[in-house]
Each structure stands twice: as structure tokens, then as C-alpha cells.
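If you're wondering where the values come from, they're calculated on a predicted model, not measured in any experiment. Positions are given from 1 along the sequence.
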Amino acid sequence: MKKLIESFLSVWKIEELKNRILITLGFLLVYRFGAQVPLPGIDVTKLGNLTNQTDKGIGWLIDVFTGGAFSQASVFALGIMPYISASIVVQLMGIAIPYLQKLQKEGESGRKKMNQITRWLTIGITLVQGPGYIYNLYRTLPQDAFLLGNSPAFIFSSVIILATGTIFAMWLGEKITDKGIGNGISLLIMAGILARMPQAFIQEFSSVTTNNTGGIMLIVLEIILWLLVIIGCILIVMAVRRIPVQYARRSVTGDLEQDLLGGDRQFIPLKLNASGVMPIIFAQAIMFIPAAVAGLSKSETAQSLASRFQNVFGWEYNLLFALLIVIFTYFYTAITVPTNKMADDLKRSGGFIPGVKPGVETADFLDHIMSLITFPGSLCLALLAVFPAIVVSVMDVQAQWAHFFGGTSLLIMVGVVIDTVQQINSYLLNKHYDGLMKSGKNRKAIA
């Protein structure tokens, strides 16, 4: 414990690291402040129906990722999600469009051009989602909640403000990445998720103690289970399969050893969950479709189907959700793990996998290993995604608190924390201080 405290104190002894942390906290504070600023022309005392809409189900998930801005009719109501959507679209388009494939191979200049394309696409997405959000306000809120009525001036100005809010949030995220510590976009999302956690826990605590369903002991058990799930999530994020590598010549200074093999490490680390949280995000986007399509019909069967797929804790929703996660895990891993490039880089650097010929056979071998480890990784990811529904059905946990037992929220928080700690560790170790993590593969990789 003493060593850990000393490590935290060491953070403030490094002027550059201290400034980066303060800048990051300052930008996050600005983002959280903006999430509380309502759209001009909205009576904030009449937002009860909108709040009720985001109390559970899909609406609650959307509100979580915007840090409560969605339910507050805030200037940041669309949050950073349009940027995330644009990034996903550009990444997927890079598979089929030769121009984007060319940009991906151009290094830093290509990355800047792709970032610019992503920004313009983000603006386009906000201009589509903005009117949809205003329409939802008109459908949800009472008429007297709109101080300017449904005038074109209010609609136009609100759409522009929502688009500007998203662009500003995107700028904040990029500035955090550039001037602060950690991945800015991910930190903004995590800040929004964490903002809803205290309220969710208080509601769960109040429910347990008021209804005499277990009292403090049940809360303690829930916290222990939550910590165990976090540990499991960390293991999923950090787990790797090491592929041993040997070199015909040891004077290797190419990009492969620095970027792929991590300096002196004589192995290729293939991650158990190479796709991260993206399969869950893809699957959740698809899960909006059944309820939306069924809701267009007036028949009782269609309405029943829509209600089932709007219940994020129902078995039908979670069964399809888990299946989609497994499928998208394989899909996203296939397009993001360049086994052919890894094999080519390994061959150029004079390295080889023992017992495997360089070139095509190495690529096939790496692809085979990725297929084998992706299956258990996808099952773990699917189990983590549906675990909130299991907690609700078995332990009767409040829905809002149950969402923090798995799914996108927990994966994002764990992934962002690990990434940020790794960056802080690199600063400490470069200045000859002990890192925040005293042992394990993480520290060795940084050192």
C-alpha cells in the first residue's frame, strides 16, 4: 500500500505528466458542464416525460453514453456517438474503397486525411440525427415545454446547436488525446458512464434497504460480484496468446520489433479479444432494427414483438444479442488483425515462427491461431454483454445498476482505465519511478 501511495505521489513530481492530467480533468469538466446546458427554447421544468423515456431499456443506454445529456435536452444531447459511428463507417469502408485503403498505407499523412473524412462524415450524421432528436422531443414533451413552439427557427437553430455540440465534444476529445493523457474520445464516453453510476447505485441501495430484501448484506454481495466481474473483464481485455519468434539476425531495428514485438520480446502477442468493445456496439446497433421494424405495424403480433425486443433484459433480446456478438467478433477481428501484413513484416525483419515457413504459411498459421482464440474470446464477450440480464433475473437487481455489471459500459470503463494507466506508467518508468502497476505483463511491455 505504501508503494502504491508513493507511485501516485510520483505522478505529481513530473511536471509534464501533472500538466497533462490537469488538462484532461479540465476538458472533462467542460464536457460535463456542457451536458447540463439545455437547448435554447426548452423549458427544463417540463422534461419529465423525456426522463421517463430514458429510465430503462434502450433509452437508458443512449442516455448513459451521452452522460445524461440526452434526457436533459442538452446542447450535447447527441454526445460523441456520431463521431464513433462515423469512425466505424470509415473503417468498414476502408475494406472496400481503394482510395481509403491507399490512405491507410500512407502513414501519418494518410491518417490525417482519414481523420478529416471522419470529421466531415460526423457532421453529416449529426445533421441527420439532429432533426430526429427534435422530432422525438415534440413527440415526448408537452406542447408548453417549447417556448418558441414548433417554429422553423427553433428547429433549424436546435439542429445547428446539436451539430455544434457534437463537433465541440469531438474537438475536446482530440485535444485530450493530443495535450492530455489517455484516449480523449474514450475518456469522454467513460465520463458520461461514470456520471450515471452514483445515481444507479443510490437507487439500488434505496430499493434494497426499503423493501427489506437483504439489506446491507445484499449490497455487499452485489459489490463483491461487481468487483469479480471487473476482474474477469480485465482478464478478457488483457489476455494474449504468445506466438514464439526467432530471428536469423539479431540486429533488428525495423518497425515490427518496436511496434509489434515490443522491443526485446521474442513473441507475437495475439489478443484473446482483439476486437475490443466494437462487436457489442455493432450488435446493439443491429438490435434497434427488430423493434423499429415491428413498431411500424399495427398488428398485435408485431407490437408484441416490438415490446420484446425493446426489453433489454428479456431472453429473446439477449439470445439474439449474444449470437450477433459472436458473429461480429469474428467479422471485426478478421478485418482489423492483418495477419498477412504481420507475416510480411516478420519475414522482412529476419524473424520466423519455429516450425513454420516464412511468408504465406506464417500468415495461414497466424490466421488459424486467431480463429481458435477468437471463439472463446467471443463467448466471453457475449457472456459479459448479457450478464446484466442474468443479474436482473437471478438477483432482482435494479435495471440501471445492473447495466454496470457488464456490457459496453463496463468494457469501456475497464479498457479506458487500462489504457490511461499504461500511459501514466510509461511516464513514470521513463523518469525512473516505480509504475502504478508493480508487476505483470503490462509493466514489462512498457519497460
Engineer: Report the C-alpha separation of Val386 and Ile325 in whole Å, then their side-chain angles, then the decisive distance to 0.1 Å, and conclude whether the side chain to side chain contact (heavy atoms under 4.5 Å, CB included) test is met.
Structural biologist: CA-CA 10 Å; Val386 302; Ile325 289 172; 5.6 Å; no

Engineer: With side chains defined as the heavy atoms from C-beta onward, is the minimum distance between Phe70 and Asn136 less than 4.5 Å?
Structural biologist: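 Side-chain contact under 4.5 Å: yes.
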
Engineer: Does the side chain of Ile84 reach to within under 4.5 Å of the side chain of Ile189, using non-hydrogen atoms?
Structural biologist: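 When only atoms from C-beta onward are counted, Ile189 and Ile84 do touch, with a gap below 4.5 Å.
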
Engineer: Please report the closest heavy-atom contact between Ala343 and Thr362, naming both atoms and the distance.
Structural biologist: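 Where Ala343 meets Thr362 most closely, the heavy atoms are CB-CG2, 3.9 Å.
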
Engineer: Applying side chain to side chain contact (heavy atoms under 4.5 Å, CB included) to Leu29 and Leu25, what does each step give before you reach the verdict?
Structural biologist: CA-CA 6 Å; Leu29 185 63; Leu25 294 176; over 6 Å; no

Engineer: I want to check something: taking the side chain as every heavy atom from C-beta on, are Met370 and Thr333 in contact at a cut-off of under 4.5 Å?
Structural biologist: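 Yes; the side chains approach each other to less than 4.5 Å.
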
Engineer: Show your working on side chain to side chain contact (heavy atoms under 4.5 Å, CB included) between Gln129 and Thr166 and close with a plain yes or no.
Structural biologist: CA-CA 11 Å; Gln129 292 184 350; Thr166 294; over 6 Å; no

Engineer: Which atoms form the tightest heavy-atom contact between Gly184 and Thr177, and what is the distance?
Structural biologist: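 Heavy-atom minimum between the residues: N-OG1, 2.7 Å.
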
Engineer: Of the non-hydrogen atoms in Ala163 and Leu127, which two are nearest, and what is the gap between them?
Structural biologist: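 Heavy-atom minimum between the residues: CB-CD2, 4.2 Å.
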
Engineer: Report yes if the side chains of Val326 and Leu379 come closer than 4.5 Å at any heavy-atom pair, otherwise no.
Structural biologist: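 Yes, their side chains come closer than 4.5 Å.
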
Engineer: Strictly distance-based, threshold 3.5 Å: is any side-chain N or O of Ser207 a donor or acceptor partner for the main-chain N or O of Gln203?
Structural biologist: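 Checked: no pair found.
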
Engineer: What distance do Ile230 atom CD1 and Phe404 atom CZ have between them, rounded to the nearest 0.5 Å?
Structural biologist: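 The CD1 atom of Ile230 sits 11.0 Å away from the CZ atom of Phe404.
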
Engineer: Do the non-hydrogen side-chain atoms of Met342 and Val337 ever get within less than 4.5 Å of each other?
Structural biologist: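 Answer yes - side chains close enough.
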
Engineer: Once you round to the nearest 0.5 Å, how far does CD1 of Ile176 lie from OH of Tyr31?
Structural biologist: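 That separation rounds to 10.0 Å.
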
Engineer: Does any part of the side chain of Val229, heavy atoms only, come nearer than 4.5 Å to the side chain of Leu384, both counted from C-beta?
Structural biologist: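 SC-SC contact between Leu384 and Val229 confirmed.
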
Engineer: Measuring from atom CG of Leu411 to atom CD1 of Ile234, what distance do you get when rounded to the nearest 0.5 angstrom?
Structural biologist: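 Spacing of CG (Leu411) from CD1 (Ile234) equals 11.0 Å.
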
Engineer: Checking the side chain of Ser74 only, and the main-chain atoms of Val37 only, is there a donor and an acceptor separated by less than 3.5 Å?
Structural biologist: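 Present.
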
Engineer: Does any part of the side chain of Arg241, heavy atoms only, come nearer than 4.5 Å to the side chain of Leu372, both counted from C-beta?
Structural biologist: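 Result no, sub-4.5 Å side-chain heavy-atom pair not found.
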
Engineer: Angle between ring planes, Phe375 versus Tyr330, binned at 30° and 60°: parallel, tilted or perpendicular?
Structural biologist: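 The arrangement is tilted - the two ring planes meet at 30° to 60°.
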
Engineer: Taking atom CD of Gln246 and atom CD1 of Ile353, what is their separation to the nearest 0.5 Å?
Structural biologist: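 These two atoms lie 10.5 Å from each other.
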
Engineer: How are the rings of Trp401 and Trp226 set to each other: parallel, tilted or perpendicular (split at 30° and 60°)?
Structural biologist: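 Rings of Trp401 and Trp226: tilted, as their planes differ by 30° to 60°.
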
Engineer: So which atom in Pro82 and which in Gly79 form the shortest heavy-atom distance, rounded to 0.1 Å?
Structural biologist: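 Where Pro82 meets Gly79 most closely, the heavy atoms are CD-O, 3.6 Å.
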
Engineer: What are the two closest heavy atoms between Cys380 and Ile236, and how far apart are they?
Structural biologist: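 Looking at all heavy atoms of both residues, the shortest contact is CB-CD1, 3.6 Å.
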
Engineer: What are the two closest non-hydrogen atoms of Arg20 and Lys179, and how far apart are they?
Structural biologist: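 Arg20 and Lys179 have their closest heavy atoms at CG-O, 3.3 Å.
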
Engineer: When you check the gap from the basic side-chain N to the acidic O, do Asp344 and Arg348 get nearer than 4.0 Å?
Structural biologist: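 Looking at Asp344 and Arg348, the cut-off is not met.
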
Engineer: So, the side chain of Glu361 versus the backbone of Val356: is there a donor-acceptor pair under 3.5 Å, distance only?
Structural biologist: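 No, the answer is negative, given that no donor and acceptor are paired below the 3.5 Å cut-off.
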
Engineer: What is the ring orientation for Phe321 with Tyr317, classed by angle as parallel under 30°, tilted 30 to 60°, or perpendicular over 60°?
Structural biologist: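 It falls in the tilted class, 30° to 60°.
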
Engineer: Can you confirm whether Ile219 sits close enough to Phe201 that some side-chain heavy atom of one is under 4.5 Å from a side-chain heavy atom of the other?
Structural biologist: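 A side-chain contact under 4.5 Å exists here.
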
Engineer: Okay, side chain of Gln423, backbone of Gly182: is any donor-acceptor separation there less than 3.5 Å?
Structural biologist: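 At least one qualifying donor-acceptor pair exists.
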
Engineer: So with a 6.0 Å cut-off around CH2 of Trp315, is the heavy-atom count from everything else above 12?
Structural biologist: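 Count not over threshold, so no.
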
Engineer: Could you check whether any side-chain N or O of Thr24 sits under 3.5 Å from a backbone N or O of Gly180, counting only pairs where one atom can act as donor and the other as acceptor?
Structural biologist: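 Flag not set: sc Thr24 to bb Gly180 has no pair under 3.5 Å.
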
Engineer: Atom CZ of Arg119 and atom CD1 of Ile117: how far apart are they, to the nearest 0.5 Å?
Structural biologist: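 Here the rounded value is 11.0 Å.
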
Engineer: Which distance, rounded to the nearest 0.5 Å, do you find between the CD of Glu174 and the CG of Leu188?
Structural biologist: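 It comes to 10.5 Å.
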
Engineer: Could you give me the CA-CA distance, side-chain angles and deciding distance for Asn273 and Ser275, then say whether side chain to side chain contact (heavy atoms under 4.5 Å, CB included) is met?
Structural biologist: CA-CA 6 Å; Asn273 179 29; Ser275 55; 3.3 Å; yes

